[in-house]
Amino acid sequence: MNIVITGGAGFIGSNLTRTLSEHPEIAEIRVIDNLSTGSKENIAGLDVHFFEGDIQDAALLDQAFRGADAIVHLAALPSVPRSVKDPLASHHANATGTLQVLEAARRAGNLHVIAASSSSVYGANPHLPKHESLTTAPMSPYAVTKLATEAYLGAYHHSYGLPVLPFRFFNVYGPGQRADHPYAAVIPRWISAVLAGQPVTVHGDGTQTRDFTYVGTVCRVLTDAILRRVVEPRPVNLAFGSRISLLDLIPAIESAVGLRALTDRAATRVGDVPHSQADGTRLRALFPSVDPVRIHEGISATVDWFGGSIAPVAPSPRHSPCVTSMVIEETRSCRPLVKAFQE
Ligand code: NAD
């Protein structure tokens, strides 16, 4: 099979490239990426055909899609705050970009299109767990672009018979997710902060909950979807219904790193949803063999990746790792400094 991954030089895309390259059924992997948030380093050493460019470039899409069997469409500007700052840029990349991908898939001859939507489409709907039939209520321009993504996939299925599969990803984390940019996600930001002896910043009161999904689990589902050519025009939650508050995430990171966290408070971020937890019934029915990686295991693997990828600084006396944090009342003793700090 020949597979195209848009956004393949990004966090999830590069993990998927690595996973697919281990499958003998996959003959060729083509990556289209404009490197706006991704990087060539993420796919260095992997056997991929790299098309550097934008998904708005129809000629580039036609070239990359020729002779392909499936497209995994991940290219997008993936941040809520970024979309609040520049809604038009998010719309062009995410909504118009998806339309371009679907048009190219149609021109190429009914390619299987799997795409990333987001749990953010549930937005202000307070019902838990989030079942796909709930009313969507986007709270940010980003969420609207993801609603457009999944809606366009459904429309292309019904209008043109395109075989599609829109997934709603829920807070994906794991190795390869960068912490060093202003729109970084919470797990890499906090692991990086704890390793560096810096405070972790909690937006709001920290009671917000998230259904974090390990990137390896996401890649397993995507691979299974490609290999079995799973088609479902209705959106499918890609998460398994576990839920953890941000305050509870801190001890999980502390225990994986072996250091205490210092904490800072900041205002609730505009567009942030208070709670998120997937109903995984539709996912489990379509992918019965996929067993999710548990959060503690996933965080450990992520911390290991950070230990090998950043040069941690020694904690300053002011941010000594054993200083009791302002927010978390810790009773456990501070474990010996581990991993990176020992080196
Ligand atoms: P990422 O930023 O690491 O990857 C996105 C990739 O797309 C980058 O390599 C970027 O350079 C590329 N890209 C962006 N705009 C492009 C364009 N116009 N043309 C070509 N390439 C372009 O983000 P990620 O976390 O890997 O997210 C992948 C997908 O999953 C996105 O669609 C995102 O919206 C969705 N998603 C992610 C999460 C998550 O928790 N990471 C949650 C929900 C949905």
Side-chain angles (χ1 to χ4, degrees), residues 4-18 30-43 48 50-58 60-61 64 71-80 82-83 86 88-101 104 113-123 130 138 140-150 153 166-189 210-215 217-219 221-222 235-239 273 276 278 298 302:
V4 180
I5 307 175
T6 74
F11 159 52
I12 299 172
S14 58
N15 275 282
L16 180 63
T17 304
R18 197 161 290 109
R30 305 169 192 169
V31 164
I32 303 175
D33 203 300
N34 68 359
L35 303 178
S36 54
T37 61
S39 141
K40 269 190 191 168
E41 278 167 32
N42 290 341
I43 48 171
V48 298
F50 185 64
F51 295 79
E52 182 170 344
D54 202 286
I55 52 169
Q56 311 261 17
D57 180 345
L60 181 77
L61 294 182
I71 314 298
V72 183
H73 173 43
L74 302 173
L77 291 177
S79 150
V80 166
R82 186 197 287 266
S83 78
D86 189 350
L88 274 176
S90 293
H91 181 87
H92 292 319
N94 304 2
T96 311
T98 297
L99 200 50
Q100 293 280 11
V101 166
V113 180
I114 299 166
S117 176
S118 158
S119 59
S120 63
V121 300
Y122 295 112
K130 305 296 187 194
S140 65
Y142 169 75
V144 175
T145 69
K146 288 287 144 179
L147 194 54
T149 296
E150 59 179 55
L153 258 70
F167 280 115
R168 289 179 179 164
F169 292 179
F170 280 63
N171 294 83
V172 186
Y173 73 98
Q177 193 171 30
R178 287 170 45 191
D180 58 349
H181 62 92
Y183 301 111
V186 63
I187 289 184
R189 256 192 301 120
R210 296 289 180 265
D211 195 341
F212 289 104
T213 317
Y214 185 62
V215 69
T217 306
V218 171
C219 290
V221 171
L222 293 173
V236 180
N237 289 337
L238 207 173
V273 301
S276 183
T302 311

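Scope of the values below: all heavy atoms of this structure, side chains included, with no hydrogens, waters or symmetry mates. Both ligands and their constituent atoms are indexed starting at 1 by order of listing.
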Student: Is the closest side-chain heavy-atom distance between Ile55 and Gln100 below 4.5 Å?
Tutor: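 Counting from C-beta outward, Ile55 and Gln100 never come under 4.5 Å.
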
Student: Any chance you could measure Ser90, atom OG, to Lys146, atom NZ, to the nearest 0.5 Å?
Tutor: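 The NZ atom of Lys146 is 9.5 Å from OG of Ser90, to the nearest 0.5 Å.
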
Student: Got Asp86 and Leu88 here, is their nearest side-chain heavy-atom distance under 4.5 Å?
Tutor: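 The answer is yes; the side chains approach within 4.5 Å.
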
Student: Checking a contact table here: which protein heavy atom is nearest atom 17 (C) of ligand 1, and how many Å away?
Tutor: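 The closest one turns out to be Asn34 ND2, 3.2 Å.
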
Student: For atom 19 (N) of ligand 1, which of Ile55, Leu16, Leu35 has the closest heavy atom?
Tutor: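 Selected option, by shortest heavy-atom distance: Ile55.
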
Student: Heavy atoms only: which of His73, His92, Lys146 is nearest to atom 32 (O) of ligand 1?
Tutor: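 Among His73, His92, Lys146, the closest heavy atom to atom 32 (O) of ligand 1 belongs to Lys146.
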
Student: Report the nearest protein non-hydrogen atom to atom 34 (O) of ligand 1: residue, atom name, distance rounded to 0.1 Å.
Tutor: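 Looking only at protein heavy atoms, the one closest to atom 34 (O) of ligand 1 is Tyr142 OH, 2.7 Å.
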
Student: Just wondering, do Val80 and Val273 contact through their side chains at under 4.5 Å, heavy atoms?
Tutor: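 No, side chains not in contact.
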
Student: Quick one, His181 and Thr37 - any side-chain contact, counting heavy atoms below 4.5 Å?
Tutor: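 No - every pair of side-chain heavy atoms lies 4.5 Å or more apart.
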
Student: So is Gly97 close enough to ligand 1, meaning a heavy atom under 4.0 angstrom away?
Tutor: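 Not so, Gly97 does not reach ligand 1.
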
Student: Number the atoms of ligand 1 from 1 as they appear, then name those within less than 4.0 Å of a heavy atom of Gly38, with their elements.
Tutor: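 Listed by number with element, the hits are 8 (C), 9 (O), 10 (C), 11 (O).
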
Student: With a 4.5 Å heavy-atom cut-off, do Asn237 and Ser119 have their side chains touching?
Tutor: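 No; the side chains remain at least 4.5 Å from each other.
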
Student: Decide yes or no for Thr213 and Phe169: does some side-chain heavy atom of the first lie under 4.5 Å from some side-chain heavy atom of the second?
Tutor: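 Thr213 does not reach Phe169 side chain to side chain.
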
Student: Do ligand 1 and Ser118 have nitrogen or oxygen atoms that lie under 3.5 Å from each other?
Tutor: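 Between Ser118 and ligand 1 (N or O atoms, distance only) the closest approach is not under 3.5 Å.
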
Student: Strictly under 4.0 Å, does any heavy atom of Ala185 approach an atom of ligand 1?
Tutor: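 Heavy atoms of Ala185 never come under 4.0 Å of ligand 1.
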
Student: Quick check on contacts: which atoms of ligand 1 are under 4.0 angstrom from a heavy atom of Ala116?
Tutor: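 Going through ligand 1 atom by atom, the ones under 4.0 Å from Ala116 are 29 (C), 30 (O), 32 (O), 35 (C).
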
Student: Centroid separation under 6.0 Å, is that true for the rings of Phe170 and Phe212?
Tutor: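 Distance test on ring centres: not under 6.0 Å, no.
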
Student: Note the single closest protein heavy atom to atom 28 (C) of ligand 1, along with its residue, its atom name and the distance in Å.
Tutor: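 Going atom by atom, the protein heavy atom closest to atom 28 (C) of ligand 1 ends up being Leu74 O, 3.5 Å.
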
Student: When you measure from atom 40 (O) of ligand 1 to every protein heavy atom, which one gives the shortest distance, and what is it?
Tutor: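 Looking only at protein heavy atoms, the one closest to atom 40 (O) of ligand 1 is Val172 N, 2.7 Å.
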
Student: Name the residue from Pro235, Ser120, Pro138, Ser117 that meets the side-chain contact (heavy atoms from CB on, under 4.5 Å) definition with Leu147.
Tutor: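 Answer to the side-chain contact (heavy atoms from CB on, under 4.5 Å) test with Leu147 among Pro235, Ser120, Pro138, Ser117: Pro138.
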
Student: Is there side-chain contact between Phe51 and Arg30, with at least one heavy-atom pair below 4.5 Å?
Tutor: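 Sidechains of Arg30 and Phe51: in contact.
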
Student: Quick one: which ligand 1 atoms are inside 4.0 Å of a heavy atom on Ala9?
Tutor: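 By the 4.0 Å cutoff, the relevant atoms are 9 (O).
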
Student: Which of the numbered atoms in ligand 1 are under 4.0 angstrom from any heavy atom belonging to Gly7?
Tutor: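 Here the atoms of ligand 1 in question are 6 (C), 7 (O), 9 (O), 12 (C).
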
Student: Show me which atoms of ligand 1 lie under 4.0 Å from any heavy atom of Ser36.
Tutor: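 Here the atoms of ligand 1 in question are 10 (C), 11 (O), 13 (N), 14 (C), 15 (N).
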
Student: Nearest protein heavy-atom contact for atom 27 (O) of ligand 1: which residue, which atom, what distance?
Tutor: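 Its nearest protein heavy-atom neighbour is Ile12 CD1, 3.9 Å.
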
Student: So which protein heavy atom does atom 10 (C) of ligand 1 come closest to, and at what separation?
Tutor: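 The closest heavy atom on the protein side is Thr37 OG1, 3.1 Å.
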
Student: Considering non-hydrogen atoms of the protein only, which is the closest contact for atom 3 (O) of ligand 1, and what is the distance?
Tutor: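 Sorting protein heavy atoms by distance from atom 3 (O) of ligand 1 puts Phe11 N, 2.8 Å first.
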
Student: How far is atom 4 (O) of ligand 1 from its nearest protein heavy atom, and which residue and atom name does that atom have?
Tutor: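 Its nearest protein heavy-atom neighbour is Gly10 CA, 3.5 Å.
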
Student: Return yes or no for this condition: an N or O of Phe169 is under 3.5 Å from an N or O of ligand 1.
Tutor: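 N/O-N/O distance below 3.5 Å does not exist for this pair.
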
Student: Please report the interatomic distance CG(Asp211) to NZ(Lys130), rounded to the nearest 0.5 Å.
Tutor: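 That separation rounds to 11.0 Å.
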
Student: Between ligand 1 and Leu77, is the shortest N or O to N or O distance under 3.5 Å?
Tutor: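 No; the residue has no nitrogen or oxygen that sits under 3.5 Å from a nitrogen or oxygen of the ligand.
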
Student: Roughly how far apart are Gln177 CD and Thr302 OG1, rounded to 0.5 Å?
Tutor: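 One finds 8.0 Å between CD of Gln177 and OG1 of Thr302.
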
Student: Quick one: are Ser36 and Leu77 in side-chain contact, heavy atoms under 4.5 Å?
Tutor: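 A side-chain contact under 4.5 Å exists here.
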
Student: Looking at CZ of Phe50 and CG of Leu35, how far apart are the two atoms once the value is rounded to the nearest 0.5 Å?
Tutor: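 One finds 4.0 Å between CZ of Phe50 and CG of Leu35.
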
Student: With a 4.0 Å cut-off on heavy atoms, is Gly53 in contact with ligand 1?
Tutor: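 In this structure, Gly53 qualifies as a contact of ligand 1 - some heavy atom is under 4.0 Å.
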
Student: So is Ser117 polar-close to ligand 1, meaning N/O to N/O under 3.5 Å?
Tutor: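 Ser117 vs ligand 1: no N/O contact under 3.5 Å.
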
Student: Just distances here: any N/O of Gln56 and N/O of ligand 1 closer than 3.5 Å?
Tutor: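 The answer is no, given that Gln56 and ligand 1 share no N or O pair closer than 3.5 Å.
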
